[in-house]
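Notes follow once the structure below has been shown.
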Amino acid sequence: MPVANAYAVRNPTDKLSPYSFERREPGPKDVQIDILYCGVCHSDLHQVRDEWGGSKYPMVPGHEIVGKVVKTGPAVTKFKLGDLAAVGVMIDSCRKCRNCNNYVENYCDEGITGTYNAIERDGKTLAQGGYSTTIVTDERYVFSLSPRLDLAGAAPLLCAGITTYSPLRFAGVKSGTKVGIIGLGGLGHMGVKFAASFGAEVTMISTSPSKEKDARKLGAHNFLLQTDKGQMKKYDSYFDVLLNTISAPHDYAKYLNLLGYEGKMMIVGLPSVDPKVEPFALLKNRRSITGSMIGGTKETQEMLDYCAEHNIISEVEVIPMQQINEAYERMEKNDVRYRFVIDLASLKN
Ligand code: NAP
Ligand code: ZN
Ligand code: ZN
């Protein structure tokens with residue numbers, strides 16, 4: 001059985017430290033990937049710290065995985081040895097409900113099987129993520145990656161990328177749509193890139209004045225410092241679409257007031273405390289709040305192909321595995337520009 005070298009936590013207050021475990025031998029439809037890079041998502045931190053409840057340990061986080069195919073089962077059709085391949089937030093689903101049949105497995109009636117912090121559908125194996133040297137996954141949940149994309153920069157597309165691409169597409173963002181992206185972190189910076197590439201008028205809504213220059217470089221046309229009441233007032237009832245990526249506890253009303261007639265706030269950020277919603281802020285302009293969770297297999301491949309065509313990747317700081325605890329501390333302090341990506345070569349040999 002393939003052995004994975006990894007970093008894991010054993011409890012919510014633990015630091016990540018070396019860990020090794022066995023992956024299953026690839027089954028008929030499985031692909032074994034030698035992991036080259038894995039992005040560091042704020043969801044990793046929420047789950048490591050058990051901020052959503054029910055975390056399972058030992059936990060090897062990581063769901064922004066890119067690498068090379070090193071073994072394929074006999075029934076695999078999409079991949080051959082040496083191909084670039086990627087795995088995101090989901091490694092399985094029921095494969096028979098209406099949503100699975102429509103390739104929106106992210107909304108499977110039975111719930112997805114997460115890449116880590118989940119029990120696989122055999123009912124016993126604890127799924128382990130991409131802070132590891134190798135992974136074995138059914139090819140349905142594995143994506144093709146163009147060699148045109150920088151690999152480290154492409155890793156975050158598997159979560160930060162699809163999680164922002166999907167709601168912006170669902171909201172019908174196109175040329176002239178007034179879009180506000182709330183929070184310039186891993187998700188937010190991809191949201192700015194996608195919204196700008198779809199032709200929208202993009203406003204970065206941030207708590208960090210120091211990020212204005214970067215926001216504009218990423219494609220934002222305007223920068224709204226949300227701690228400045230005067231600036232917030234200027235954008236009252238202005239936006240068609242808001243993409244809320246905030247990871248920390250906050251209230252929705254302040255942002256709802258920025259939405260114009262029939263404007264929508266798409267929620268992707270998952271703070272540990274439920275945000276307060278004020279009905280009056282919702283009623284005005286017939287506003288709505290919509291949630292969105294990653295994307296299905298079909299749309300994830302479409303997003304990766306779109307990125308290859310338009311040369312869209314994430315802005316990354318590549319780190320060796322051994323620096324992951326410092327990276328978490330920096331993420332907690334809102335000091336990420338704009339995604340950490342682990343180079344798994346640091347765990348080989
Ligand atoms: P991140 O890189 O840490 O970025 C979060 C951003 O939120 C920060 O850069 C900051 O932007 C803003 N922020 C932080 N504290 C804030 C506060 N108190 N008030 C207002 N804004 C604040 O995190 P990420 O990896 O992008 O993840 C963002 C959230 O999305 C997390 O909760 C994560 O779990 C969730 N997520 C959801 C999905 C999904 O499928 N829906 C997928 C992946 C992640 P500024 O400095 O610009 O203010
Ligand atoms: Zn994620
Ligand atoms: Zn299903």
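For clarity, every value in this text was computed on a predicted model and none was experimentally measured. FYI, side chains are in, hydrogens and waters are out, and symmetry mates aren't considered; it's all heavy atoms of this structure. Whatever order the structure lists them in is the order used to number ligands and atoms, beginning at 1.
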Self-check item: Residue pair Asp92 / Thr113, side-chain donor-acceptor N/O under 3.5 Å
Solution: no
Self-check item: Distance-only side-chain donor-acceptor flag, Ser55 / Arg49, under 3.5 Å
Solution: no
Can you list the ligand 1 atoms lying under 4.0 Å from a non-hydrogen atom of [X]?
| X | value |
| --- | --- |
| Ser208 | 45 (P), 46 (O) |
| Ala248 | 15 (N), 16 (C), 17 (C), 18 (N) |
| Ser292 | 39 (C), 40 (O), 41 (N) |
| Thr163 | 38 (C), 39 (C), 40 (O), 41 (N), 42 (C) |
| Arg339 | 24 (P), 25 (O) |

Quiz prompt | Heavy atoms of other groups near Lys56 NZ, more than 12 under 6.0 Å | solution =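 Yes, NZ of Lys56 has more than 12 neighbouring heavy atoms, counting only those of other groups under 6.0 Å.
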Quiz item: Looking only at heavy atoms of Val336, does any of them come nearer than 4.0 Å to an atom of ligand 1?
Solution: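 Outside the 4.0 Å threshold, so no.
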Quiz item: Is ligand 1 less than 4.0 angstrom away from at least one heavy atom of Lys211?
Solution: yes
Quiz item: Close to the Zn ion (ligand 3), meaning under 2.8 Å, how many protein N, O or S atoms are there?
Solution: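 Every protein N, O or S atom under 2.8 Å from the Zn ion (ligand 3) counted, the figure is 4.
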Hey, is ligand 1 close enough to [X] that some N/O pair sits below 3.5 Å?
| X | result |
| --- | --- |
| Gly186 | yes |
| Met293 | no |
| Ile205 | no |
| Thr207 | yes |
| Ser43 | yes |
| Ile294 | yes |

Practice problem: Could you tell me whether any N, O or S atom belonging to His42 is less than 2.8 Å from the Zn ion (ligand 2)? | Solution: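 Coordinating: no.
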Quiz item: Of Ile162, Asp305, Val87, Leu158, which meets side-chain contact (heavy atoms from CB on, under 4.5 Å) against Phe143?
Solution: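 Output: one option passes, namely Leu158.
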Quiz item: Got the closest protein heavy atom to atom 5 (C) of ligand 1, with its distance?
Solution: Ser247 OG, 3.6 Å
Exercise. Please write down residue, atom name and distance for the protein heavy atom closest to atom 24 (P) of ligand 1.
Key: His42 CB, 3.6 Å
For ligand 1, indicate whether the residue [X] contacts it via side chain, backbone, both or neither (heavy-atom separation under 4.0 Å).
| X | value |
| --- | --- |
| Cys159 | side chain |
| His46 | side chain |
| Trp52 | side chain |
| Ala160 | neither |
| Leu187 | both |
| Ile267 | neither |

Quiz item: Does the pair Asp30/Lys71 count as a salt bridge with the N-to-O cut at 4.0 Å?
Solution: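 Here Asp30 does not pair with Lys71 in a salt bridge, since their nearest N and O are not under 4.0 Å apart.
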Quiz item: Of Pro249, Ser206, Ser166, Gly185, which has the heavy atom at the shortest distance from atom 45 (P) of ligand 1?
Solution: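 Nearest option to atom 45 (P) of ligand 1, by heavy atoms: Ser206.
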Quiz prompt | Ring-ring centroid check Tyr306 Tyr165, cutoff 6.0 Å | solution =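 Centroid distance Tyr306-Tyr165: below 6.0 Å, so yes.
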Quiz item: Is there a side-chain contact between Leu157 and Leu149, using heavy atoms and a 4.5 Å cut-off?
Solution: yes
Quiz item: Only one of Lys217, Arg339, Lys193 forms a salt bridge (charged side-chain N to carboxylate O under 4.0 Å, His left out) with Glu315, so which one is it?
Solution: Lys193
